[in-house]
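In listed order, ligands and their atoms are each counted from 1. This chain uses plain numbering: 1 for the first residue, then up along the sequence. Predicted model only: the values in this text are computed from it and were never measured.
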Amino acid sequence: HFADLGDSCSLMKILNEVKPDEVYNLGAQSHVKVSFDVPEYTSDVVALGSLRLLEAIRHAGIDCRYYQASSSEMFGSAAPAQSELTPFQPRSPYACAKVYGHNITVNYRESYGMHASSGILFNHESPRRGETFVTRKITRAVARPKRGPKWTLRLGNLDAKRDWGYAPDYVEAMWRMLQQDSPGDYVIGTGESHTVRQFVERAFELVNLDWRDYVAIDPRYFRPAEVDHLEADASKARRALGWTAKVTFPELVRLMVAAD
Ligand code: GDP
């Protein structure tokens with residue numbers, strides 16, 4: 001089936017054909033840095049795309065549960081640890097658009113009684129992560145089989161801290177949200193944060209190289225506004241969904257390097 005979050009009719013059509021029991025809205029222009037270059041497109045797909053999908057479900061007259069992929073980026077410059085009660089302080093067009101998507105999901109739940117839940121997921125990674133996100137960029141670089149003796153990995157801000165978890169764990173959390181009797185909002189993360197530098201150190205260690213010989217800082221990868229520190233307080237998910245992250249940070253880096 002083909003549809004597009006920019007095209008309401010295609011969403012209506014696919015809902016009428018498939019009549020899904022559950023809809024997971026994971027669609028986005030999801031790269032934060034790219035959202036500064038294409039802010040209008042990012043906002044259209046991320047913010048209005050969520051509205052289009054909710055509105056299409058409402059008018060399709062089907063009994064269907066909805067999952068909104070909200071993002072820890074919405075917390076932006078809010079002090080860690082961030083929970084469902086932390087006010088959003090978005091720092092990019094992507095994050096601003098995700099705040100809209102989150103709020104409109106809550107609004108459709110409250111206005112129309114929809115079973116619409118929002119998962120505020122912290123960074124979740126796997127070997128399938130896009131190659132321009134920092135984790136995969138690093139693991140691909142260290143694992144390249146045919147690199148010569150001299151090579152350089154160009155990165156931006158190494159001081160940013162992220163709460164990195166393993167994507168399959170997080171998909172289980174999404175599914176658990178939609179199996180609840182009542183819809184709700186949940187923060188999902190490991191509760192531990194690490195700097196980009198620590199990710200680099202760990203990845204290079206695994207291939208027995210000293211990262212200082214290979215990493216260069218390139219301001220091209222700095223963002224106009226940075227998110228310094230994301231760290232989840234996922235106690236609600238633990239309590240209400242019985243969910244915790246299973247894969248730890250060192251294991252995550254290891255499995256991504258091994259896969260690459
Ligand atoms: P994000 O948390 O959704 O923005 O995920 P990213 O993987 O794109 O970025 C995580 C952090 O790594 C951010 O604070 C970036 O500024 C930082 N970072 C440092 N160097 C790079 C780089 O070369 N590429 C990317 N994508 N991020 C970088």
TODO: Using distance alone, determine whether Lys137 and ligand 1 share an N or O pair under 3.5 Å.
DONE: yes
Task: Asn123-ligand 1 polar pair, N/O distance under 3.5 Å - done: yes
- [ ] Check if Arg162 has a non-hydrogen atom at a distance under 4.0 Å from any atom of ligand 1.
- [x] yes
Open item on the list: Yes or no: does Arg136 have any heavy atom under 4.0 Å from an atom of ligand 1?
Closed with: no
TODO: Tell me, with the steps shown, if Lys137 and Glu125 meet salt bridge (charged side-chain N to carboxylate O under 4.0 Å, His left out).
DONE: CA-CA 12 Å; Lys137 187 171 163 183; Glu125 316 294 316; over 6 Å; no
- [ ] Scan Arg128, Arg136, Arg140 and name whichever one has a salt bridge (charged side-chain N to carboxylate O under 4.0 Å, His left out) with Asp260.
- [x] Arg136
When you check the gap from the basic side-chain N to the acidic O, do [X] and [Y] get nearer than 4.0 Å?
X      : Y      : value
Lys13  : Asp7   : no
Arg197 : Asp159 : yes
Glu226 : Arg162 : yes

TODO: Kindly assign one of parallel, tilted or perpendicular to the pair Phe88 and His102, based on the angle between their ring planes and the thresholds 30° and 60°.
DONE: perpendicular
Enumerate the atoms of ligand 1 whose separation from the nearest heavy atom of [X] is less than 4.0 angstrom.
X      : answer
Gly156 : 19 (C), 20 (N), 21 (C), 23 (O)
Ala160 : 14 (O)
Asn157 : 17 (C), 18 (N), 19 (C), 20 (N)
Tyr221 : 23 (O)
Glu73  : 1 (P), 2 (O), 3 (O), 4 (O)

How does [X] reach ligand 1, if at all, at less than 4.0 Å between non-hydrogen atoms: by side chain, backbone, both, or neither?
X      : value
Val32  : side chain
Val196 : side chain
Glu226 : side chain

For [atom], closest protein heavy-atom neighbour:
atom                    : result
atom 10 (C) of ligand 1 : Val134 CG1, 3.8 Å
atom 8 (O) of ligand 1  : Arg223 NH2, 2.9 Å
atom 24 (N) of ligand 1 : Thr132 O, 3.9 Å

Open item on the list: Working note: Gln29 + His31, criterion side-chain hydrogen bond (donor to acceptor under 3.5 Å, both in side chains); need CA distance, chi angles, decisive distance, verdict.
Closed with: CA-CA 6 Å; Gln29 187 303 97; His31 200 283; 5.7 Å; no
Task: CA sep, side-chain torsions, deciding dist, call: Ser118, Gln68, side-chain hydrogen bond (donor to acceptor under 3.5 Å, both in side chains) - done: CA-CA 5 Å; Ser118 177; Gln68 171 67 18; over 6 Å; no
- [ ] Could you tell me the separation between the OG1 atom of Thr139 and the CG atom of Leu255, rounded to the nearest 0.5 Å?
- [x] 9.5 Å
- [ ] Evaluate the ring-ring contact (aromatic ring centres under 6.0 Å, His included) criterion for residues Trp175 and Tyr170: first the C-alpha distance (whole Å), next the side-chain angles of each, then the deciding distance (0.1 Å), finally the verdict.
- [x] CA-CA 9 Å; Trp175 177 82; Tyr170 289 53; over 10 Å; no
